[in-house]
Amino acid sequence: MAGLNPQAEELNHIIKAHNSTVYELLSRKGKGIYFPRKGILAQGIAAKGKEINATIGTAYEDDGKPMVLPSLARRLELDTKDAFPYAPSEGIKPLRDKWQELIRGKNPSLGTAEISLPVVTCGVTHGLSMAGYLFTEATDSVILADLYWENYDLVFTNGYGAELKFFNFFKNKSFDIDSFRETVNAKPLGKKIVLLNFPNNPSGYTPTRGEGEEITNVLTEAAEAGNKLIVILDDSYFGFNFEDGTFTESLFSQLARSHENLLAIKVDGITKEEYAWGFRVGFITYGIKNGSVELYRALEDKTAGAVRGTISNAPHLSQSLFLNALQSGTHEKEKESNKEKLKGRYLKCKEVLTAHKEYKAYFEELPFNSGYFMCVRLKNLNVDKVWDLLLKKYNTGVICYSEKNLLRIAFASTPLDKIEKLFNNIYAACKDCASS
Ligand SMILES: Cc1ncc(COP(=O)(O)O)c(C=O)c1O
């Protein structure tokens with residue numbers, strides 16, 4: 001490509017030499033981006049530790065501490081140097097190392113397969129957007145389930161011009177593997193971008209172990225057939241599995257080592273997994289069969305460049321706070337305790353739905369076993385009307401998916417003792433609607 005910055009060309013050269021498919025999969029923007037190591041940043045690094053360092057765009061006190069406002073610093077127990085100065089665009093190194101270690105721990109079947117160091121993003125949405133920046137062209141389609149988080153429209157279609165192409169999620173209360181296979185293998189052979197989100201928003205579904213393996217097989221076979229695949233795994237709700245027999249690892253653990261024509265991109269974060277929605281810390285991690293450290297370093301550099309060119313860097317304060325929490329000694333226990341609460345709400349939904357056979361006259365639940373949400377599908381009723389009645393007459397807010405005739409219920413945010421009332425209100429609103 002003519003006109004590229006030499007640093008971008010250098011990264012492209014490394015990527016091409018280590019896996020030409022990954023190079024081909026990069027978008028024009030992805031091919032053009034680089035982390036500007038040789039400019040101001042390099043001169044800043046060169047000046048580190050010198051008697052006079054007049055390079056950096058951060059104000060320091062005469063004693064070398066960050067110059068801060070006491071009214072901002074007062075409530076922080078952290079050292080100001082771990083919160084106020086910029087974090088690196090790729091994220092703070094101890095957190096990146098730790099998150100990689102956690103990914104390995106939570107996904108043991110990754111084994112010793114080489115994966116990249118995670119690059120820190122400003123939440124999961126930004127991580128998805130960075131995957132779009134690097135790998136999505138306006139002529140591309142993104143293949144995903146027909147039940148999906150609506151923000152994918154804004155990220156991939158509005159942001160990068162890609163068309164969303166859907167497979168049917170459920171058939172006979174199971175993952176519709178045939179629809180998935182057909183959609184992935186639709187002609188022509190070539191670049192395919194697949195976006196998977198388990199546990200899923202809005203359905204609350206995670207594939208069973210068998211289904212997870214089938215999904216991996218479909219994607220691997222598509223790569224064997226000559227397709228070149230990007231598989232983005234939105235693992236926002238990782239770990240919220242409430243039933244035995246579901247696929248509790250990320251599909252990244254399989255896909256990161258499945259085929260040299262398949263680049264797996266794990267996008268996750270502390271938003272849901274660590275109950276820190278407003279902290280805005282996400283991660284983007286790469287894995288491909290026989291991926292080398294050099295390939296991953298080049299991808300990390302491109303990603304850090306894309307981060308630098310969009311938000312510059314993610315909040316240092318949030319990264320440090322989370323790193324501290326990981327080292328607290330109580331973190332795991334606290335997480336388990338929260339998960340137990342969510343599981344209690346999940347089980348309550350199941351119990352109420354089993355106990356109230358009368359609901360079936362008006363609605364039925366879609367399969368759910370994990371995550372934050374579940375959906376009910378209304379039978380021959382106007383879902384918008386039911387939604388409106390719920391708000392106005394029953395003081396109850398849920399999310400309405402008009403085209404799918406679904407209501408999404410966030411059980412994770414509903415107090416346990418309100419869950420039965422919530423379903424009873426839906427039933428009552430449906431009954432009103434049916435008789436009006
Ligand atoms: C499937 C899915 N992905 C990503 C996100 C957004 O994550 P973040 O808040 O970290 O951007 C959400 C939030 O609702 C989500 O449901």
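The first residue of the sequence shown is numbered 1, and numbering continues consecutively from there. Start at 1 and go down the list; that is how both ligands and their atoms are numbered.
With hydrogens left out, the protein atom closest to atom 3 (N) of ligand 1 is Asp234 OD2, 2.6 Å, a heavy atom. Among protein heavy atoms, atom 9 (O) of ligand 1 sits closest to Arg280 NH1, 3.0 Å. Of all protein heavy atoms, the one lying nearest to atom 13 (C) of ligand 1 is Lys272 NZ, 3.2 Å. Atom 5 (C) of ligand 1 has as its closest protein heavy atom Trp149 CH2, 3.3 Å. Protein heavy atom in closest approach to atom 10 (O) of ligand 1: Thr271 OG1, 2.5 Å.
When ring centroids are compared, Tyr205 and Phe170 come within the 6.0 Å threshold. For Phe167 and Phe180, the gap between ring centers is short of 6.0 Å.
For atom 7 (O) of ligand 1, the candidate residues are Asn197, Thr121, Val124; the nearest heavy-atom contact is made by Val124.
The closest approach between His126 and ligand 1 stays at or above 4.0 Å for every heavy atom of the residue. The shell of residues lying under 4.0 angstrom from ligand 1, judged by heavy atoms, includes Tyr237.
Every atom of ligand 1 with a heavy atom of Tyr152 under 4.0 Å away is listed here by number and element: 1 (C). Atoms of ligand 1 found under 4.0 Å from any heavy atom of Thr125, numbered from 1 in the order shown, are 6 (C), 7 (O), 8 (P), 11 (O). Atoms of ligand 1 lying under 4.0 Å from any heavy atom of Ser236, numbered from 1 in the order shown and given with element: 2 (C), 3 (N), 4 (C), 5 (C).
Phe373 carries Arg408 over the face of its six-membered ring, with the cationic atom under 6.0 Å from the centre and within 45° of the normal.
Ring geometry for Tyr152 against Tyr148 counts as parallel: the plane angle stays under 30°, on a 0 to 90° scale with 60° as the upper cut. Ring geometry for Phe283 versus Trp99: interplanar angle under 30°, hence parallel rather than tilted (30 to 60°). The aromatic rings of Phe175 and Phe198 lie perpendicular to each other, with more than 60° between the two planes, well past the 30° mark.
Considering both main-chain and side-chain atoms, Trp277 never comes within under 3.5 Å of ligand 1 through any nitrogen or oxygen pair.
Within a 6.0 Å sphere centred on NZ of Lys379, heavy atoms belonging to other residues, nucleotides or ligands number more than 12.
Rounding to the nearest 0.5 Å gives a distance of 9.5 Å between CZ of Arg345 and CG of Asp417.
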